[in-house]
Amino acid sequence: MLGIMCGRYTLTPAIDELLAALGLADLISDHEPRYNIAPSQQIPALRLDGEGRLLLDFFRWGLVPFWAKDPTIGNRMINARGETVAEKPSFRAAFRERRCLILSDGWYEWPKSKAGKQPTRITLASGEVFAFAGIWEQWRPKEETDDLRSSDRWSEEIRSCAIITSEPCDAIRAIHHRMPVVLKQEQWDAWLATGAAAGELLAMVGPYEGDDLITHAVSTLVNSPANDIAQCVLPL
DNA sequence: CCAGACGTTGTT
DNA sequence: GTCTGG
DNA sequence: CCAGACGTTGTT
DNA sequence: GTCTGG
C-alpha cells in the first residue's frame with residue numbers, strides 16, 4: 001500500500017569507463033555489479049559539490065526531510081512525483097538546490113495478471129547506463145533528542161535521496177501507471193546545473209521520449225532484496 | 001492561535 | 001491490515 | 001518494490 | 001522549516 005513505482009533497480013556494468021569519461025575514474029574502482037538494489041540501501045549518484053565540481057557520492061535511498069524527527073520516514077519517501085516535486089514542502093528545496101543523477105541500467109516492476117505478479121525488468125535496448133532524475137537531502141539528529149542520539153541508530157547524519165517519477169511512456173503503460181524519470185547522458189549537465197530555471201528542469205521531468213526501452217520477465221528470485229545475484233536480470 | 005502533517009502508489 | 005527493513 | 005513482522009515483562 | 005486544518 002505504501003509501495004511505490006520505482007522500488008527496485010540494477011546497476012550491473014562496471015562503470016569505471018563511464019566515470020573516467022566524466023573525470024571521476026579514481027572514485028569507484030571497487031564497484032561491484034548490483035542486480036537488486038532496494039530502498040534503504042546506500043546507492044551511488046552524481047552530484048555537484050559546493051564549488052560546482054562533479055562528484056560521485058552515496059546516498060541512502062529514501063529521502064529523509066531535514067525536519068524529520070524520525071528518519072524512518074525515509075522508507076516511505078523513495079519516490080517524488082514530478083508533477084509536484086517543485087512545490088511540495090518535503091521536496092522543493094532539494095529540487096531547487098540538491099539534484100542528483102542516480103546511475104542505473106534497469107529497473108523492476110511487478111505487473112499483475114490472473115497468474116499473479118510477474119517481476120519484469122526494464123532497460124534501454126542498448127543496455128547502456130542512464131540516470132534516474134533524483135533529489136537529495138541531508139538530515140541531522142536534533143540536539144534535544146539525547147536519548148535517541150545515544151542509541152546508535154539515529155546518531156548519524158543521513159544523506160538520502162529520492163527518484164522522481166512521471167506518467168509512463170507508451171512502452172511502460174502496459175505494465176505500470178508510473179515510471180521513473182530517465183535521463184540520458186546528454187541531459188546530465190542540464191539536470192545538475194546550479195541555478196537552473198525550474199521550467200527547464202521540469203521540461204526534463206516527464207515520460208521517457210525514446211522508443212528504445214525494452215522489458216522482459218525475470219525470476220521471482222528478485223522479489224527478495226536479499227537476492228542480489230546475476231540470475232535476477234536473466235530473461236525468462 | 002496551536003496541532004499535526006509534511007510522501008508515494010495502489011486499492012477501495 | 002499496516003508498518004518496518006532491505 | 002517485496003518480505004516479514006506485528007507484543008509483553010523479565011531475565012540473561 | 002512551512003503549510004493546512006481546526
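Below, chain A is the first sequence line, B the second, and so on; all start at residue 1.
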Short side-chain N/O contact to B/dG7 OP1/OP2 from A/T84, under 4.0 Å: no

Rounding to the closest angstrom, what is the interatomic distance between B/dT11 and D/dC2 at atom P? 9 Å

Quote, to the nearest angstrom, the P distance that separates D/dG7 from C/dT4. 10 Å

Say you pick atom C1' in B/dT8 and the same atom in C/dT2; how far apart are they, in whole Å? 15 Å

Scan residues 183-216 of chain A for pairs that pass ring-ring contact (aromatic ring centres under 6.0 Å, His included), counting only residues two or more places apart or in two chains. none

Give the rounded distance in Å between these two atoms: CD1 of A/I163 and C1' of D/dC1. 11 Å

Residue pairs fulfilling side chain to side chain donor-acceptor pair (under 3.5 Å) with at least one residue in residues 124-136 of chain A, sequence neighbours excluded: A/S126-A/E128

Ignoring backbone atoms, establish whether A/R178 has a side-chain N or O less than 4.0 Å from OP1 or OP2 of B/dT9. yes

Contact span of DNA chain E against chain A, any nucleotide atom under 4.0 Å from a heavy atom, 5' to 3', runs E/dG1 to E/dC3

Could you tell me whether the side chain of A/L103 reaches within less than 4.5 Å of the side chain of A/L56, counting heavy atoms only? yes

Is A/I37 reachable from A/F130 through a run of hydrophobic residues whose side-chain heavy atoms are each under 4.5 Å from the next? yes

Under 4.0 Å, counting only non-hydrogen atoms across every strand here, what does A/Y9 touch: a base, just sugar-phosphate, or nothing? nothing

Residues pairing under salt bridge (Lys or Arg N to Asp or Glu O under 4.0 Å) where one sits in residues 77-89 of chain A, two or more places apart or in two chains, turn out to be A/R81-A/E83, A/E83-A/R178

Between A/E109 (CD) and D/dC2 (P), how many Å, whole number? 9 Å

For residues 89-104 of chain A, which residue pairs qualify under salt bridge (Lys or Arg N to Asp or Glu O under 4.0 Å), counting only residues two or more places apart or in two chains? A/R98-A/E137

Taking only side-chain N and O atoms of A/R81, does any of them lie within less than 4.0 angstrom of OP1 or OP2 on B/dT9? yes

I need the CE-P distance between A/M179 and B/dT9, as an integer number of Å. 13 Å

Under the ring-ring contact (aromatic ring centres under 6.0 Å, His included) test, residues paired with A/Y35 that sit two or more places apart: none

Residue set satisfying side chain to side chain donor-acceptor pair (under 3.5 Å) with A/T10, at least two apart, ordered chain then number -> A/D105, A/R121

Less than 3.5 Å apart, which donor and acceptor atoms pair up between the side chains of residues 45-55 of chain A and the rest of the protein, not counting sequence neighbours?
from, atom 1, to, atom 2, distance (Å)
A/R47, NE, A/D57, OD2, 2.8
A/R47, NH2, A/D57, OD2, 3.2
A/D49, OD1, A/E51, N, 2.8
A/D49, OD1, A/G52, N, 3.0
A/D49, OD1, A/R53, N, 2.9
A/D49, OD2, A/R53, NE, 2.9
A/D49, OD2, A/R53, NH2, 3.2
A/E51, OE1, A/R53, NH1, 3.3
A/E51, OE1, A/R53, NH2, 2.8

Could you work out, with ring-ring contact (aromatic ring centres under 6.0 Å, His included) as the rule, every residue matching A/W139, not counting sequence neighbours? none

Tabulate atom names and distances for all N/O pairs under 3.5 angstrom spanning the protein and nucleotides 3-6 of chain B.
from, atom 1, to, atom 2, distance (Å)
B/dC6, O3', A/S90, OG, 3.2

Treat each ILVMFWY residue as a node, draw an edge where side-chain heavy atoms are under 4.5 Å apart, and state whether A/L18 and A/L24 are in one component. yes

For A/R92, answer base if it contacts any base atom (sugar-phosphate contacts may also be present), sugar-phosphate if it contacts only those atoms, and nothing otherwise; contact means non-hydrogen atoms under 4.0 Å. sugar-phosphate

Rounding to the closest angstrom, what is the interatomic distance between B/dA3 and C/dG5 at atom P? 29 Å

Tell me: CG of A/N223 to C1' of D/dC2, nearest whole Å? 6 Å

Treat a base pair as Watson-Crick or G-U wobble with both distances under 3.5 Å, then lay out DNA chain C in dot-bracket form, 5' to 3', with | for cross-strand pairs. ||||||

Please list all pairs meeting salt bridge (Lys or Arg N to Asp or Glu O under 4.0 Å) that have one or both residues in residues 206-230 of chain A, counting only residues at least two apart or in different chains. A/R34-A/D228, A/K184-A/D212

What is the distance from NZ of A/K117 to P of B/dT9, rounded to the nearest Å? 16 Å

Looking for any heavy atom pair under 4.0 Å, which part of the strands does A/P39 touch: base, sugar-phosphate only, or nothing? base

